[in-house]
*Asks:* 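Please read through the structure below; I'll follow up with questions.
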2 protein chains.
Amino acid sequence: MTELDRSGTDGNAGGMTSRTAPKLDHLLGIAAGLMARRGFGRTSIRDVANETGISLGGLYYYFKNKEDLLFLIQERTFGALLELQEAALAEGGDAETRLRRLVRNHLRYFLDHFNELKVCTYELESLEGERYEAIAELRRWYYHRLAEIVAEVWGVPGDRLESDGRVRHATLFVFGMLNWIFTWYDADRDKPVDRLGDEMIALVMDGLRAGPPPERTESS
Amino acid sequence: MTELDRSGTDGNAGGMTSRTAPKLDHLLGIAAGLMARRGFGRTSIRDVANETGISLGGLYYYFKNKEDLLFLIQERTFGALLELQEAALAEGGDAETRLRRLVRNHLRYFLDHFNELKVCTYELESLEGERYEAIAELRRWYYHRLAEIVAEVWGVPGDRLESDGRVRHATLFVFGMLNWIFTWYDADRDKPVDRLGDEMIALVMDGLRAGPPPERTESS
DNA sequence: TAATCTATCGAACGTCAGTTCGAAAATGAG
DNA sequence: CTCATTTTCGAACTGACGTTCGATAGATTA
């Protein structure tokens, strides 16, 4: 229904086929900052123009649509996160080890790319059609990796992973913890991210009944 | 900075001081449905007019602002939920019992008022000034009630509750699980809500290491 | 019936948004 | 220097949005 016509060029309006584009990255970073604060719908292209110093019309050299701008932010940010996580999983280890790595990476990445990842988390549904599907696919990949770990902890065989609602729910509970952080994290108050990760792992693995995790200052 | 001028009348533009207003409730329900689907920013007053059958101008008899419309939805929905939870807590019981009640109530309420509660969850930041503060206050109340339970499970004394980051984090992790549901819940797939609650309690209390919760069909 | 209050309407106003476009600088190669 | 390509600009168009307002029924009261 909602089609998009990527006419030959592969993402942005003008040329720019190079892997990394510093000016575009800068632009996307600023746009993400605005969208993280005011939301996609409330952020105008004119806001982006003012904040970046680029003229209103000039922006359309970098993206062909407002929605395309959002897509570029999400694709790049989420893509990089998933690459990171893929590498982390490739390192192997038992389920708990991999889970801990995943959570820590996620939290570290979220600290370094707060605005961008917040936009990824909140504004998926502002995309439509192909663009929506492309990002949804990335999310599905992430979901499956975590679900596999949950299933492994519980000893659920891989072929029953899809049909077992308990694995699905537990996985989504964990994602809820991870993603909800954007609503409350306060850099000053909640300082060491790795400790946050440890606390989360402690809750996920052993629950409240095991008591609070140790209050030490730092670890690896 | 951003002031609102409630000139005498107490919330809506016209009169209407009665406790329950069926037509207003109907209106708010439809508005919540639109906002849940497309977000506050993307939902226009004209959309609400079309969907309700009330004329564009006529809507302003019920609220004085678009933001006021959002506020009314949040205040009523969240207010009712908190009343429910206050009553549930008043019933007493140990920490786990109260936690289970809280979670179950939350999930049941979320099923019955999906759109409205989704709007409450996502659109707090679309409010400003006094209206923002009023809703934020309600949320704070909810947070504290859950934090108290977490602290009780861990045996953290009430006066150290505020300063202990671990209580804060664990509480917010649980809220994350609860609120993230709006992004994935599928009425057909994830049928019995009470079981969802039990699975969540199982994870929160005992963690993944305790193994998956029993797969029974239903309980109380 | 006259007066008052509640509820509703349609038209209009002003603003701001996304997008387009042709021209013009800047850049870099031959 | 010349020329083609890349990048940037400012003005303009078009549509949608929130909000206002005077008019108007219907209901209620005196």
*Asks:* If I take atom CD1 in residue B:I54 and atom P in nucleotide C:dT6, what distance separates them, rounded to the nearest angstrom?
*Replies:*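 Those two atoms, CD1 and P, are 17 Å apart.
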*Asks:* Categorize B:T43 for me: base, sugar-phosphate, or nothing, with a 4.0 angstrom heavy-atom threshold over every strand shown.
*Replies:* sugar-phosphate
*Asks:* With heavy atoms under 4.0 Å as the rule, sort B:S44 into base, sugar-phosphate or nothing.
*Replies:* sugar-phosphate
*Asks:* Starting from C1' on C:dG18, measure out to CE on A:M35 and report it in whole angstrom.
*Replies:* 13 Å
*Asks:* Taking only the side-chain nitrogens and oxygens of B:K64, find out if one of them lies under 4.0 Å from OP1 or OP2 of D:dT19.
*Replies:* no
*Asks:* Please say whether the positively charged group of A:R139, taken as NZ for Lys or CZ for Arg, lies over the ring of A:W141, i.e. under 6.0 angstrom from the six-membered ring centre and within 45 degrees of the axis.
*Replies:*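 No.
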*Asks:* Considering heavy-atom distances to DNA chain C, does A:G58 or A:G41 have its closest nucleotide positioned more toward the 5' end?
*Replies:* A:G41
*Asks:* What is the distance, rounded to the nearest whole Å, between atom CZ of B:R42 and atom P of D:dG18?
*Replies:* 12 Å
*Asks:* Any donor and acceptor pair, going by atom type alone, linking the side chain of A:Y109 with main-chain N or O of A:Q85 inside 3.5 Å?
*Replies:*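 Here the side-chain-to-backbone pair does not exist.
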*Asks:* Please state how far atom CZ in B:F40 lies from atom C1' in D:dC17, giving the value in whole angstrom units.
*Replies:* 12 Å
*Asks:* Could you check whether any side-chain heavy atom of A:Y142 comes within less than 4.5 Å of a side-chain heavy atom of A:H106, counting everything from C-beta outward?
*Replies:*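 They are in side-chain contact.
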*Asks:* Are the aromatic rings of A:Y122 and A:F40 close, with centres under 6.0 Å apart?
*Replies:* no
*Asks:* At 4.0 Å (heavy atoms only), tell me whether A:L56 reaches a base, stays on the sugar-phosphate, or touches nothing.
*Replies:*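 Base, at least one base heavy atom under 4.0 Å.
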*Asks:* Checking A:R131 against A:D68 for the salt bridge (Lys or Arg N to Asp or Glu O under 4.0 Å) test, could you report, in this order, the C-alpha distance in whole Å, the side-chain angles of both residues, the deciding distance, and whether it holds?
*Replies:* CA-CA 8 Å; A:R131 280 190 268 248; A:D68 195 42; 2.9 Å; yes
*Asks:* Provide, to the nearest angstrom, the distance between the CD1 atom belonging to A:I45 and the P atom belonging to D:dC9.
*Replies:*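 Between P of D:dC9 and CD1 of A:I45: 15 Å.
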*Asks:* Separation of A:N50 atom CG from C:dC16 atom P, in whole Å?
*Replies:* 13 Å
*Asks:* Among the candidates C:dT8, C:dA12, D:dG10, find the nucleotide nearest to the side-chain atoms of B:R46.
*Replies:* C:dA12
*Asks:* Between atom CG in A:L59 and atom P in C:dA17, what is the gap in whole Å?
*Replies:* 14 Å
*Asks:* Let's see if you can work this out: which of C:dC9, C:dT20, D:dT19 has an atom nearest to the side-chain heavy atoms of B:Y60?
*Replies:*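 Among C:dC9, C:dT20, D:dT19, the one nearest the side chain of B:Y60 is D:dT19.
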*Asks:* Can you figure out which of D:dT8, C:dA17, D:dG18 approaches the side chain of A:Y62 most closely?
*Replies:*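 Side chain of A:Y62 sits closest to D:dT8.
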*Asks:* Check whether any side-chain nitrogen or oxygen of B:N65 sits under 4.0 Å from OP1 or OP2 of D:dT19, and answer yes or no.
*Replies:*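 Yes, B:N65 has a side-chain N/O under 4.0 Å of OP1/OP2 on D:dT19.
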*Asks:* Specify the separation, in whole Å, of atom NZ of A:K66 and atom P of C:dA17.
*Replies:* 9 Å
